[in-house]
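Numbered from 1 within each chain, the chains take letters A, B, ... in sequence-line order.
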Amino acid sequence: MTKVELQQLSKQFGEVTAVSHVSLTAPDGRITALLGPSGCGKTTILKTIAGLLTPSSGDVLFNGRSILPIPAEKRNAVMVFQNHLLFPYLSVGENVGFGLKMRGVEAAVIRQKVEEHLAMVQLPGLANRRPNELSGGQQQRVALARALIVEPTVLLLDEPLSNLDAHLREEMRQLIRSLQRALNMTTIVVTHDQEEAVLLADQIGLMFDGKLAQVGPPSDFYERPSTRQVASFFGATNFLVGEKRGNVVETAVGSLQIAPNPIADGPVQLTIRPEHVQLVPADGRLPNQLCATVQEAIYAGTHTRLRLILGSDTALTLLTSPSAAKTVGVGTAVHLHLPPDHLWPLP
Amino acid sequence: MTRIKQTLQPRTLILAAIVVGVLLPFVPLLLWSVSFRWLYPSVLPESLSLRAWQYVFSPRAEVLSALGYSTLVALLVTALSILIGLPAGRALGLYKFRGKTAVRFLILAPTIVPTLAAAMGIHVLFIRYGLVDNVLGVVLVHLIPVLPYVVLILSGVFANYNPDFEAQAQTLGASAWQRFRHVTLPTIFPALMVAGLFAFIISWSQYILTLLIGGGQVVTLPVLLFSFVSSGDNAITAALSLVFIAPALLFLLATARYLSGNQASLGGFGKL
Amino acid sequence: MPTRLRPYLLLAPTLAVILLLFGGGVLLALMQSVGYLPFLGRTEITLDAYRAILQQAAFSQSFFLTLWVALASTAVSTLLALVCALALRRPFRGHRLITFIFQLNIPIPHLVGAVGILFLFSQSGFLARLANLAGLISQPADFPAIVFDPWAIGIILEYVWKTTCFTGLILLATLQGVGNDLETAAQNLGANRWQRFRYVTLPLLTPSMVSASVLVFAFTFGAFEVPLVLGQRFPSMLPVLAYRSYVDIDLNARPEAMAMNVIITLLIGVLIFLSTCASRTKRCAVNGER
Amino acid sequence: MKKRNLILLWLTAVLILLAACQPTEQEDTINLPAESPAPGVEPPPGFADWDAVLQAAQGQTVNFYMWGGSDLINGWVTGYVADAVQERYGVTLNMVPVADGPEYVNKVLGEQQAGRDEDGSVDLVWVNGENYRTMRQAELLYGPFSEYLPNSIYVNWNDPSVANDFGLSVDGYEAPYGKAQFVMIYDSAKIENPPTTVDELLAWIQANPGLFTYPAPPDFTGSAFVRHICYHAVGGYENLLGEFDQALFDAQLPACWDVLNQIEPFLWREGQTYPESHTRHQELFANGEVYFDMAYNPAEASSLVENGRYPETTRTFVFDEGTIANTHYVAIPYNSPNKAAAMVVANFLLSPEAQLSKAQPENWGDLPVLDPALLGAEDQAAFNAIPRGVATLSTEELAANRLPELQAPWLTAIEQAWETAVLQP
């Protein structure tokens, strides 16, 4: 039952600023993902919350109280490291029970709890194995059990899925999700993979270069990105420069209608995700119809990606079904429809 | 503020103890080597003299010839042990094969069993086959304590070695020698230096094996030094001790960066 | 070259040297200890030499002295090495210099170390003179007997001086190899400073410490020069006793020297087997269960 | 590439040194001095006459195994002697220093055991007492040769102290090298009136606890000191003369152990340990840890003053009842491949010239073994003119207080018994 707040958190390593003025609230009992390209400062924030690093400035609050004076071993903000960091000289069971042993819990109690937690991560009966006898996925689950057994106030996961192959990822993701729901534990996940963040988290904080770019529920990052950089990170490729006036944006390829939104009038970039651009017959019944030439068609199995040129030099990408794409060869002219509620202006 | 705090840390005391502890025995050595009449209870020599140094460098003292013998033996042992031990280190580090544990144990055995015991045992055969009283016999007997360390250090580096680089070089047209020269050698060079340092030092320091097999005729520096230790002439003993450690120190200076920076080579000792 | 044979071919030169020189030497020592030397025309096997040395009081006293020196040197130097390695582990101002000084006595021969200890600790040595200057003692006899003493403290000091750096460097290399991630993980799981040392650093260092201790123990048990320079006349350390018997003008003492060699070899073998087994019991038991 | 330079430098140094170590080839340019053997003596086995010896010796190298603990003696042998025999006889002398006599006895024994009867590694040894007896009895010595040496005409072979080595007849198997006599050493700045008899010394030890000790036998010097106490304890050396007799030993020697055990609590370190060598004992004396030193060489104290190791006020004395004296020799192992050259060296060591040089305190200070009566007037004058060091007693005083050595088996028995009766509590 812990709300974690970061207030103007900054961390410098010598001349290098790893984290700069990050303020974020991780709501109680939810999963918050810290997302961003590698080296953007996510793990630094995680370690700062865990107490393994001291912030250069700013504060970390648990339920409104600063925890900076508390040493790492007393903070109970437990981290699951990217490379598991299981103690190689201890058995699986001893690894899982490590935190309880540090707290002076009785051996019999530890044994019992270890079995429970191994069962919880679906590794029952493996207590006597050595970590190096387990697969990568199993090791990751042992590391998770080792963290959960001390009933952390905050669970910190550093790239929990990055060392796993696709199949195991799915399994692990579900496990984390279900355990988190069951234990109702405030969780912060660090990841560089936007898909993972979207599937796992209730809230995402996207970071670039040590700064927080956008915080919000996953759908916001697709539908309402705050900057071109955020949109690009989530796979947006189409940007049209224009001048916004009310619900109309004047661009080089014509004036386009957009849905009502809170962005101020003035110069903007319109973005639309490739899957939302539609090929239509040239009938003019729909708004925002444009003419384009197919420059390149890339077959991708479930869909075909078309690169189009509008006017002299404006490029757009769209996704369409492979069957629909068969009718349009390279060099043919096509008609496009940009649905107004999928056009989002970026300041 | 932080500076003051640092100096008061227990670690600072430990570091000071390290420096004093390591260097202290050298102080009386240096003082004795230039002393003349230094009797108790004087803390410093009553008068200074270069008598010991003059003697050490006079042709009569045969220090130069002992230096030559020591260097010759140590360099031969170093070269030979690397030549012999390099393939073994590769085999132990890189390959899995039947009997590996036994082979490993056998090669390491001389680091555990006193080599003097083996040397006394084989002495009678060395006498029989003319391997006593000459450099060849001394070099051979030095190989016993040296070779395990060389193999150990080199197998350590080969354990982390990726032979695919050699395969890559081969596909790019490198001959066996070129592969060794341009791929293997640069990769293992730091460990090779450490192995060389250990081989040199172990051989350089041998006293009793040299005395036993060299029969007193291969007068290396330790043999000469020991006769002065037993002569009780502290000034000459001290000067000779300093001569004795100088080349090994030079060798260390040349290779120290490989010793501390490279955990793979020394870490091998931890995997015994 | 056939791949299966390749490792054996690579090992052949080393194995030849070790088997012929070392293995042959140990075998010949064993043969000579029972008086069996066919190429000298002696084929009668007798255990007289063993009987003779086991009856000597001098042998058992030498044995216990040697064991004491080896155990004490190993324990003290390993402990000090641990402290030094931990102190030198993380970088600080002057780290390179102090690490270099720490390595400085690696190439120093034991013989020189023994001379240094002698000049430093004898009752009229450098420290005794400093003590006299400080008014702590008035004559050499007041200074504690550290060299040529019954407890062989001088010998132990020399071994500690030399081997602390050796073990320390091995531990330092191990520490640098494992990094401090596991300690961070332990801290994160609630381990305090002492618990991190006790349950993480120490277990990580244990294999290296055992290996280094075994090397140091075996070396100090079998070494010759240092006891010769710093040791008491009686009882002498086992290797010195063995060598003295070997060069005795009575050739009949040679089988006794060989018998001592065989006993030294066996003892070291047994002690090391026991110690490595003890340190691995836990692991063996765990492996056995699965 | 500093490293490479370093290695190159070393290699160069090694090559230069090795080159320097090569024996210089001296071809047929040597004019051999006219020498003739002592009249009426058979030539040594394997040689027709002395000329044959000289011819065979040319170009040979002599490995001279000797105690190497004195830079003074080492310097004299590798310098003066080596230069002279090289120059005059074309013989290369290679001194091989050993820490202890038994080492080379054992070496020759080992070679005999391994069947190396022709090409042994030892050509000449510095020997006397027990080691001579062992080698002689194990037939490890070549001879007889010594009475045939041209310079042996200066040796008085009728003198029992020369013709017998610790009671065993020399018989031409050893060539005399020098003489020695035991002296006690003290610092006159610390002790004004040193004890002059064994009894007085024992009293002094008990009155001044912790300031006396002696090197543990079988150290040569310590063993000699123990013999002095034994002579005293059994009421004179006369009681121990002759062949070794175990019954006599068991009856007489306990008195000696009693005396030694009585003073033990008053010794340095309360007698719990003893210096293991004479040189260790010298150090104790030099640093004032003990107040008496002893030496089986009357001139040693003077040379130690000379090179700064002993205080200038160091002096020596002999007991009123006398001190033990003996003769030391050189001998040739039976399997030496260079017997001719070894004889040439032994002969040179016997020459008045070499003996005179050896007697100079700055060279060695060893007592000459030649009989003054057999020397020419010129040589006699030269010997008389040898300067004595500050701490050395006069030849007359030494000669007036001389005691004989026991036969070697007595020594061995005393040394062994000392370990069990005195050293081991």
Side-chain angles (χ1 to χ4, degrees), chain B residues 11 14-15 18-19 22 24-29 32 40-43 84-85 87-88 90-91 95 97 103 106-107 110-114 116-122 140 143-144 147 151 201 205 207-208 222 225-226 229 237 241 244-245 248-249 251-252 256 259-260 263 266-267 269-270 272, chain C residues 7 10-11 13-14 17-18 21-22 24-26 28-29 32 83-84 87 98-113 115-117 119-120 124 126 129-130 132-133 140 169-170 173-174 176-177 207-208 211-212 215 218 222 224-225 229 239 246 257 261 264-265 268 272:
Chain B
R11 191 180 66 186
I14 297 171
L15 297 178
I18 289 176
V19 174
V22 170
L24 193 61
F26 296 109
V27 175
L29 277 181
W32 266 112
Y40 183 89
S42 319
V43 175
I84 297 172
R90 190 184 170 101
Y95 298 101
F97 53 90
V103 166
L106 194 66
I107 291 177
T111 60
I112 306 296
V113 173
L116 178 59
M120 278 190 215
I122 206 157
L140 281 180
L143 280 180
I144 302 178
L147 202 49
V151 175
I201 288 167
S205 311
Y207 164 69
I208 189 65
L225 174 59
F226 203 91
V229 172
T237 304
S241 296
F244 191 22
I245 62 179
L249 279 184
F251 209 97
L252 177 73
L259 205 57
S260 55
Q263 72 268 13
L266 256 187
F269 289 114
L272 205 70
Chain C
L10 291 172
L11 282 164
T14 296
V17 169
I18 301 273
L21 293 178
F22 176 75
V26 171
L28 278 165
Q32 291 177 65
V83 173
C84 293
I98 294 190
T99 311
F100 179 76
I101 290 175
F102 191 58
Q103 299 173 351
L104 198 64
N105 73 3
I106 288 271
I108 307 296
H110 276 281
L111 195 49
V112 175
V115 171
I117 296 289
F119 287 175
L120 207 52
S124 55
F126 194 65
R129 294 168 194 225
L130 287 178
N132 178 71
L133 188 71
L169 279 184
I170 291 176
T174 310
Q176 280 162 0
S208 302
S211 306
L215 284 178
F224 179 82
E225 291 102 309
V229 176
Y246 185 71
N261 282 332
I264 294 173
T265 304
I268 293 180
I272 281 162

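The shortest non-hydrogen separation linking Met120(B) to Gln32(C) is O-NE2, 4.3 Å. Between Pro7(C) and Phe97(B), the closest heavy-atom pair is CB-CD2, 3.4 Å. For Gly85(B) against Thr14(C), the heavy-atom pair with the smallest separation is CA-OG1, 3.8 Å. Heavy-atom minimum distance, Ile201(B) versus Pro107(C): CD1-CB, 3.3 Å. The two residues Pro28(B) and Gly116(C) come nearest to each other via the heavy atoms CG-O, 4.4 Å. The two residues Ile18(C) and Pro110(B) have their closest heavy-atom pair at CD1-CG, 4.0 Å.
To the nearest 0.5 angstrom, Phe126(C) atom CZ is 11.0 Å from Leu29(B) atom CG. The distance from the CZ atom of Phe26(B) to the CG atom of Leu104(C) is 5.5 Å, given to the nearest 0.5 Å. With values rounded to the nearest 0.5 angstrom, Thr111(B) atom OG1 is found 8.5 Å from Phe22(C) atom CZ. Atoms CZ and CG, on Phe244(B) and Leu111(C) in that order, are 6.0 Å from each other to the nearest 0.5 Å. Atom CG of Leu21(C) is separated from atom CG of Leu143(B) by 7.0 Å, given to the nearest 0.5 angstrom.
Contacts between Ile122(B) and chain C at a heavy-atom distance below 4.5 Å involve backbone atoms as well as side-chain atoms. For Val43(B), the parts lying under 4.5 angstrom from a heavy atom of chain C are both the backbone and the side chain. Only the side chain of Ile14(B) comes within contact range of chain C, judged by heavy atoms closer than 4.5 Å. If you measure heavy-atom distances from Leu147(B) to chain C, the contacts under 4.5 Å come from the side chain alone. Using a 4.5 Å cut-off between heavy atoms, Val17(C) contacts chain B through its side chain alone, with no backbone atom that close. Using a 4.5 Å cut-off between heavy atoms, Val151(B) contacts chain C through its side chain alone, with no backbone atom that close.
No other option in Ile208(B), Thr237(B), Ile245(B) has as many heavy-atom pairs under 4.5 Å with chain C as Ile208(B).
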Report the C-alpha separation of Ile108(C) and Leu249(B) in whole Å, then their side-chain angles, then the decisive distance to 0.1 Å, and conclude whether the side-chain contact (heavy atoms from CB on, under 4.5 Å) test is met.
CA-CA 8 Å; Ile108(C) 307 296; Leu249(B) 279 184; 4.2 Å; yes

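Applying the ring-ring contact (aromatic ring centres under 6.0 Å, His included) test to Phe224(C) and every residue at least two apart in sequence or in another chain returns Tyr243(C).
With contacts defined as side-chain heavy-atom distances shorter than 4.5 Å, the pair Phe119(C)/Val27(B) does not qualify. Between Ile264(C) and Leu116(B) the shortest side-chain heavy-atom distance does not fall below 4.5 Å.
Put simply, the side chain of Arg129(C) gets close to the backbone of Ser42(B): a donor and an acceptor are under 3.5 Å apart.
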